[in-house]
Visitor: 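Starting off with a structure, shown below.
Reminder, nothing fancy here: chain letters follow the sequence lines and each chain counts from 1.
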There are 2 protein chains.
Amino acid sequence: MTPILEEHAAEVAGAAERIRGHVRRTPALTTDLDPNLRLKPECFQVTGSFKPRGAFNAILSLLERGERPRGVIAVSSGNHAQAVALAAAGVGLPALILIPEDANPAKVAATRALGAEVIQEGITFANREQRLREVMAERGYTLVHPFDDWDVIHGQGTAARELLEDEPDLQVVAAPVGGGGLLAGSSISAKHHRPSIKVIGVEPAAADDAYRTWKSGHIEKLPTSPTTLADGVRTTAIGARNFEVMFQHRLVDAIVTVTEEEIAQAVRLAWTRLHIALEPTGALPLAAFAAGKLPPGRTGLVLSGGNANLQTVATILASQ
Amino acid sequence: MTPILEEHAAEVAGAAERIRGHVRRTPALTTDLDPNLRLKPECFQVTGSFKPRGAFNAILSLLERGERPRGVIAVSSGNHAQAVALAAAGVGLPALILIPEDANPAKVAATRALGAEVIQEGITFANREQRLREVMAERGYTLVHPFDDWDVIHGQGTAARELLEDEPDLQVVAAPVGGGGLLAGSSISAKHHRPSIKVIGVEPAAADDAYRTWKSGHIEKLPTSPTTLADGVRTTAIGARNFEVMFQHRLVDAIVTVTEEEIAQAVRLAWTRLHIALEPTGALPLAAFAAGKLPPGRTGLVLSGGNANLQTVATILASQ
């Protein structure tokens, strides 16, 4: 085991200690689908996704280091927004979230309900990074990046760490990959647990930048944000830190892609056989498993969240 | 505590021991909805409902008593069918299930997939009891009753028993009531745990025989099987043994009823906030909780199952 892996795994252990009491320990579930399968349903996490693990670790680490942020800021139309809002409120810091104008109103309302200030006016997917820099300069708030941040990566690694504490014999661990926070964190926990474990990232074929990055050995960027049911992984490229962990240190063994139809089938399978209400992004590892795209063996799937658009899900469920 | 309650609770403890290894210990979940709420999601039980607890206890108890059944038989269009099929297969006994002709084909297929023989031809809701007696006489198989059976009641009581082991401070426990197997078993476990705990049964207003039975003090029977989203509780009357436990021994404190709209809202709430895919029957206690119909205090909801008709659920989810 390399010293770098040891260091990262120690940081994940530290994160687990730091965020205890702020997040839930989600259960490891067995299913009727396959005796080799174990699920880590992060849809049961606070706010309905794994994201508070990273957000709490980032914000609590800021305070531990003695930084005195005036507030925290994030750009997100999805689960990261609610996670940062919750974590900031938990430590009494103001949170400002930039959410593109065309985002799901339910997610905007949920973010506001957690006490965050939300700015939507004039924010588009294209200009949001620029607007972020401007607002950060105006307010002096500290950024909580959704994935390309060591504290966030180490926080996200606590989910797979718990899964392997509960199910130490797993031979394969699969997680969705968007920006790479969850997958990088998971790979640290899994490879530290046992170097021979296979760590697989799953992404939509329509958003295959991580797959192409794995193949080419350098960060590949999609020209535009892709259209996919799995709206949690519409980032155009993985982060530099995520690349370093996953591919330079080779902690991730493979990236597999799934079709939109395989994602829809997995959402239906989750409802009918697992009885878990997953968002399409959260169903990505299940899609790969059901399509026979994961290596054989005792397999743990990190199901990242459950905050689906209800109309989308109703359509998926009705179209068998 | 009465000797009768002690005896029943000892039988539930025996059932828990007997069925261990055949059923799952489902987790107790916390939620973002209310810090006082705990869930026992029996949709994650084998076959997707609590029913195998009773079915395994009944069939294993038969064998323990030295009875040598030629096979077991049940009448069910729902979760009891799959539970009996699974439990019979688990001990190597043939299972024959009578399922009305108009039943959901998916449930018929699931029952067959578990190795049971299914008879549907000529079976209606009206004539099924008559046909059951005939087929029992022909085959010499032993009946596994869905609720009016001590072994079944004691098996079903293991769910609330586990919940109270995990969450000993609960002040209220609520469960759906159809024939009364789950509620009677839950009431034994809850009142044995703490006599002051409130035990509440929840049923659709459209199928309020248990409510009227509680009010009148004798078993009230609906004239016909009611029409309700909660198709798992369409029985027209509770069983005699269930009546004895629930109302003669006063182990159940109240029955509350919920409207069809409250049931639909609870299914949507389960998806959007709890991320659990419940069948409408499984959502009954949540419907009562969300409608403010349960007593105050730390509350455990026994969510009975997740085997929903997907089209029905898609319609419910789409109609916000």
Side-chain angles (χ1 to χ4, degrees), chain A residues 23-33 35 39-49 52 79 82-83 86 104-107 109-110 113-114 166 267-279 282-283 303-320, chain B residues 23-33 35 39-49 52 79 82-83 86 104-107 109-110 113-114 166 267-279 282-283 303-320:
Chain A
V23 302
R24 276 182 207 127
R25 186 184 179 99
T26 52
L29 298 179
T30 55
T31 79
D32 291 355
L33 211 56
L39 307 180
K40 183 68 170 173
E42 284 290 300
C43 50
F44 303 146
Q45 188 50 267
V46 287
T47 75
S49 93
N79 290 325
Q82 292 178 60
L86 180 76
N104 183 342
K107 296 206 172 177
L114 291 165
D166 291 347
V267 170
R268 286 192 291 269
L269 184 68
W271 180 289
T272 55
R273 298 295 306 281
L274 311 179
H275 308 298
I276 300 177
L278 292 177
E279 58 184 282
L303 305 174
S304 55
N307 294 317
N309 179 314
L310 217 47
Q311 295 298 327
T312 307
V313 165
T315 306
I316 290 174
L317 293 184
S319 64
Q320 312 180 63
Chain B
V23 302
R24 276 182 207 127
R25 185 183 181 101
T26 51
L29 298 180
T30 54
T31 78
D32 291 354
L33 211 54
L39 308 179
K40 182 68 171 173
E42 284 290 299
C43 51
F44 303 146
Q45 187 50 266
V46 286
T47 75
S49 93
N79 290 325
Q82 292 177 61
L86 180 76
N104 183 340
K107 296 204 171 180
L114 291 165
D166 291 346
V267 169
R268 285 192 292 269
L269 185 67
W271 180 289
T272 55
R273 297 296 306 280
L274 311 179
H275 308 299
I276 300 177
L278 293 177
E279 58 184 281
L303 305 174
S304 55
N307 293 317
N309 179 313
L310 216 48
Q311 295 298 328
T312 307
V313 165
T315 306
I316 290 173
L317 293 185
S319 65
Q320 314 182 61

Visitor: Return the set of residues passing side chain to side chain contact (heavy atoms under 4.5 Å, CB included) with Thr30(A) (not counting sequence neighbours), or none when no residue passes.
Guide: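 By the side chain to side chain contact (heavy atoms under 4.5 Å, CB included) rule, Thr30(A) matches Arg38(A), Arg24(B).
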
Visitor: Among Cys43(A), Gly305(A), Ala106(A), who wins on heavy-atom pairs under 4.5 Å with chain B?
Guide: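 Heavy-atom pair counts peak at Cys43(A).
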
Visitor: I want to check something: taking the side chain as every heavy atom from C-beta on, are Leu317(A) and Gln311(B) in contact at a cut-off of under 4.5 Å?
Guide: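 The answer is no; the side chains never approach within 4.5 Å.
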
Visitor: Heavy atoms only: give me the nearest Trp271(A)-Gly306(B) pair and the separation to one decimal.
Guide: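 Shortest heavy-atom separation between Trp271(A) and Gly306(B) comes out as NE1-O, 4.3 Å.
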
Visitor: State, to 0.1 Å, how close Asp32(A) and Thr47(B) come at their nearest heavy-atom pair, and which atoms those are.
Guide: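 Asp32(A) and Thr47(B) have their closest heavy atoms at OD2-N, 2.6 Å.
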
Visitor: Does the side chain of Ile276(A) reach to within under 4.5 Å of the side chain of Ile276(B), using non-hydrogen atoms?
Guide: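 No, their side chains stay 4.5 Å or more apart.
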
Visitor: Please list, chain by chain and in numerical order, all residues satisfying side-chain hydrogen bond (donor to acceptor under 3.5 Å, both in side chains) with Gln82(A), sequence neighbours excluded.
Guide: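 Per chain and number, Gln82(A) pairs via side-chain hydrogen bond (donor to acceptor under 3.5 Å, both in side chains) with no residue.
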
Visitor: Out of curiosity, Glu42(B) CD to His275(A) NE2, how far, rounded to the nearest 0.5 Å?
Guide: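 Between atom CD of Glu42(B) and atom NE2 of His275(A) there are 11.5 Å.
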
